[in-house]
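Just so it is clear, the values below take in all heavy atoms, side chains as well, and ignore hydrogens, waters and symmetry mates. Proteins get letters first, then strands, A, B, ... in listed order; numbering begins at 1 in each.
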Amino acid sequence: MSILLSNISKQFGAFSALSNINLEIPEGELVALLGPSGCGKTTLLRIIAGLEQADKGRVLLSGVDKTTQNVSKRGIGFVFQHYALFRHMTVFENVAFGLRVKPRRERLDNETITKKVHALLELVQLDWLHDRYPDQLSGGQRQRIALARALAVEPSVLLLDEPFGALDASVRKDLRQWLRNLHHELNVTSIFVTHDQEEAMEVASQVVVLNHGRIEQQGTPSDIYDHPANAFVSRFIGQTNIFDMAEQDADWLQIAGLLPTQKESKIAHVRPHDIIIEKTSANQDAPATLKDWQHLGALIRLELVKNGSNANTPSVFAEMPNEQFKQLALSRGDKVALQIRQAHWFQ
Amino acid sequence: MSQNSIMPGFRLTIGFTVVYLSLVVLIPLSTLVFQSFRLSWDDYLHIITNKRVLSSFYVSFSTAIVAALVASFFGFIVAWVLVRYEFFGKRFFHALIDFPFALPTAVAGIVLATIFQPSGFLGKLLIDTIGVQVAFKPLGIVMALIFISIPFIVRTVEPVLLEFEASMEEAGASLGATRLQVFNRIIFPNVFPALLTGFALAFARGVGEYGSVIFIAGNLPYVSEIVPLLIVTKLEQFDIEGATAIALTMLVISFLLLFVINTLQYWVRKRSGQL
Amino acid sequence: MNVIQLPVNKLVAPKPQALQDPDWVRWSLITIAISFIGLFILLPLGLVIVKAFSKGIEAYWSALSEPDTLSAIKLTLITAAVTVPLNTLFGVTAAWAVTRFDFKGKSLLTTLIDLPFSVSPVISGFIFVLLFGAEGWFGDWLVQHQIKIIFTISGIVLATLFITFPFVARQLIPLMQEMGSQEEEAALSLGAGGWRTFWSVTLPNIKWALLYGVLLCNARAMGEFGAVSVVSGHIRGITNTLPLHVEVNYNEYNIVGAFASASILAALAVLTLILKTALEWQQARR
């Protein structure tokens, strides 16, 4: 089911949580709502679900206006941040809940419900836990049960609030991949909220970046990474070096091969892997000095200090593959030349 | 015995606690048990199966159960309203809940008797409108016990409602449940163990209650005479044996009931995975 | 999907909050709750005041300044003055023993501390008659040594001690359990002695709960009726506490006298409630 949000605004007292949100999500996508905490992403998700009511604007699901419809009639599946499993019910009863509360005419018979619940539990690979209570499960297991429970009512949209937020780092990695595969299998339009850009890039087919209650950019992960719409998105997604032309960086940048493309461009954002490092001889007039480096697995991150700058100017970070770094055979204090391949310019 | 920490004062505090507990509670209470050994089994049965004694047990336990049930129903509503809704004077009503707990029982007794006696404010109203006399009947005892029970119910249910996760309700709604279904299937089952505790406390207190009841009860043998009053009556007649037999029976029944209710509660919690 | 052009919705949308109960449900429940509290709590409270002053303030004063009333007040105060400190001392000691150490029989001890709560007040008085009464276990010995306990203030104090036994301990045990002993361990590791640790680390942490327990203990000590009634013998001017004095007056159809004494006890209850609420706010602020 496609989702269309038109002019959504929401105030909490004097605080404007969302202002004029317009968003279109085509059917079958797996979308990440990404932003720092307090940016309004959870509120937006709750408005789509009908758990919260927007002050202004409309919510359309498959072209039908659902703005004032109660959450229980919207046909959405919601997975809560802390799962909100019913602690007095077994895993089986939790998943069966949505089927049992249907009006008598629409309700399936008990046998069908049993079959369906077991099928769902098998889908999330936890059928063997069907008679346990939520308090007896691990975080990752609860998460998958919560998902099975939401899927039981065959929602046309699946909404997940910080689905991996409360999990250990190792479990989180596995579940990300698992959620992506599950989405491929079911192909139900899904939206999840996250503050972790890595998670958004890894799992989602579309990323919506939010800040201060506004949409900063919407696009595929590669769109957003390679063509950030503004300085906020560029800073928020991945690592970046920031050069301000107003702070006399122009000459230095010219040596590094960086020229403003337009007159009004004043700030350059450079990804660490877009900086190429070359070793120079000791007496040559080099632009930077290698201060330190860190191993990031396959990559090495180099911390460089601009020559002739005072102690307060921020370091420049560059990244290169491990192999290449070994070949350069650099040591701390070595002077290096650098070449900037590409930059994003902002005003 | 073992200490788990470097904490000082183990011997001193445990010694004082056990000695004081024995002197003030255990030894006095055990006299009841030892005193009853002086009775033969036949004597005991003779005292207990006396019709007046049996009716007093019936009166005490039946009124305590009815009162605890009524108080559980209304107490739940009061706790719900105090936790969930905003209204004018909420804090004032909140503070009032403990009044029955703080008010000496004798005062509660004469006040309730005055209100519900046939010439009293509500007593007259009830007789005139629906023809029901409250005072000097078992109904009067029930009224007094409801008064006593209120704080027990409200104060045990309130914290559970306060801590109840709103997201569980939202989850229920998002799965298509109506508001009533959310209450019946999600909220109530989670609050039920606390309500049961409150009920048990109210019931246990109600069975033994004396001061607030005797003024309103009328104390008619076979009709509105409660067990504690019968014990006092036996004592005033210097019938120590009779008083002992009745007191011991009552004590044992109360402990058994508490045990049953505790077990039930353990079972409810265990069944719902809360243990 | 087609892109639909939508007119801007300028109206503020209605807000059916997902979790809100319908208005009619909310207002009916509030009405039921307030009526119930009004009938069972506000009405009795109002009645004490109205009845006490029903024959005018002078009648109220003369009822209060009667020698028997004054001696009842005195006896009530003495009883509370003896029992409350003793049970407070016990409560703190027991809470320390139960929450700071692990030992066999700990849960049994905790259960036994709560025991007086589940004993009928009348039985609580009765057991002291069995011990110290004329026909009691120590009856003969007491008579020989000319000591009287039952029908004297000693009996009243003993019965009240039993009744109010768990109040302070019961407030402190859950709190100290939850607090854990890390702060005390820190103080001890810094070289503080046991007493010093208690006074400067434990006591400041538990003081509000302690006051709360003392307050409840005191209210019950001054207001206890059933247990005291069994051991006192109802001797006017000598062994009548204030609650017993209320009963005597009431049974003699001295309604103003009964309600004058009752109003003192009701005022005590109201004061207890006010202090209790203040303590709760104090605790909530922490």
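In this structure, the portions of A/Phe86 lying under 4.5 Å from any heavy atom of chain B include both its backbone and its side chain. Both the backbone and the side chain of A/Arg100 come within contact range of chain B, each with at least one heavy atom under 4.5 Å from a heavy atom of that chain. For chain B, the nearby parts of A/Arg149 are the backbone and the side chain; heavy atoms of each come within less than 4.5 Å. Neither the backbone nor the side chain of A/Leu99 comes within contact range of chain B; no heavy atoms are under 4.5 Å apart.
A salt bridge is defined here as a Lys NZ or Arg NE, NH1 or NH2 lying under 4.0 Å from an Asp or Glu carboxylate O, and B/Glu165 with A/Arg87 fails to meet this definition.
Going from atom CE of B/Met168 over to atom NE2 of A/His88 covers 7.5 Å, rounded to the nearest 0.5 Å.
Among residue pairs with one or both ends in residues 137-147 of chain A, none qualify as salt bridge (charged side-chain N to carboxylate O under 4.0 Å, His left out); sequence neighbours excluded. For residues 61-70 of chain B, there are no salt bridge (charged side-chain N to carboxylate O under 4.0 Å, His left out) pairs, not counting sequence neighbours.
In the displayed structure, B/Lys90 atom NZ is contacted under 6.0 Å by more than 12 heavy atoms of other residues, nucleotides or ligands. Under a cut-off of 6.0 angstrom, the local environment of CZ in A/Phe12 is crowded, with over 12 non-hydrogen atoms contributed by other residues, nucleotides or ligands. Atom NZ of B/Lys137 has 12 or fewer neighbouring heavy atoms from other residues, nucleotides or ligands inside a 6.0 Å radius. In this structure, A/Glu111 places its CD atom where only 12 or fewer heavy-atom neighbours from other residues, nucleotides or ligands lie under 6.0 Å away.
Qualifying side chain to side chain donor-acceptor pair (under 3.5 Å) partners for A/Ser72, counting only residues two or more places apart in sequence or in other chains: A/Asn70.
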Evaluation steps, side chain to side chain contact (heavy atoms under 4.5 Å, CB included), between B/Glu170 and A/Phe80: CA-CA 9 Å; B/Glu170 292 185 333; A/Phe80 291 81; 3.3 Å; yes
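The side-chain contact (heavy atoms from CB on, under 4.5 Å) test with B/Ser174 is passed by exactly one of A/Leu159, A/Ile76, A/Val79: A/Ile76.
Closest of all the heavy-atom pairs between A/Val71 and B/Ala173 is CG1-CB, 3.6 Å. Taking each heavy atom of B/Leu175 and A/Val153 in turn, the nearest pair found is O-CG1, 3.8 Å.
The contact list for residues 64-73 of chain B toward chain A, using heavy atoms and a distance under 4.5 Å, is empty.
Interface remark: of the candidates B/Thr178, B/Ile186, B/Val182, B/Ile186 forms the most heavy-atom pairs closer than 4.5 Å to chain A.
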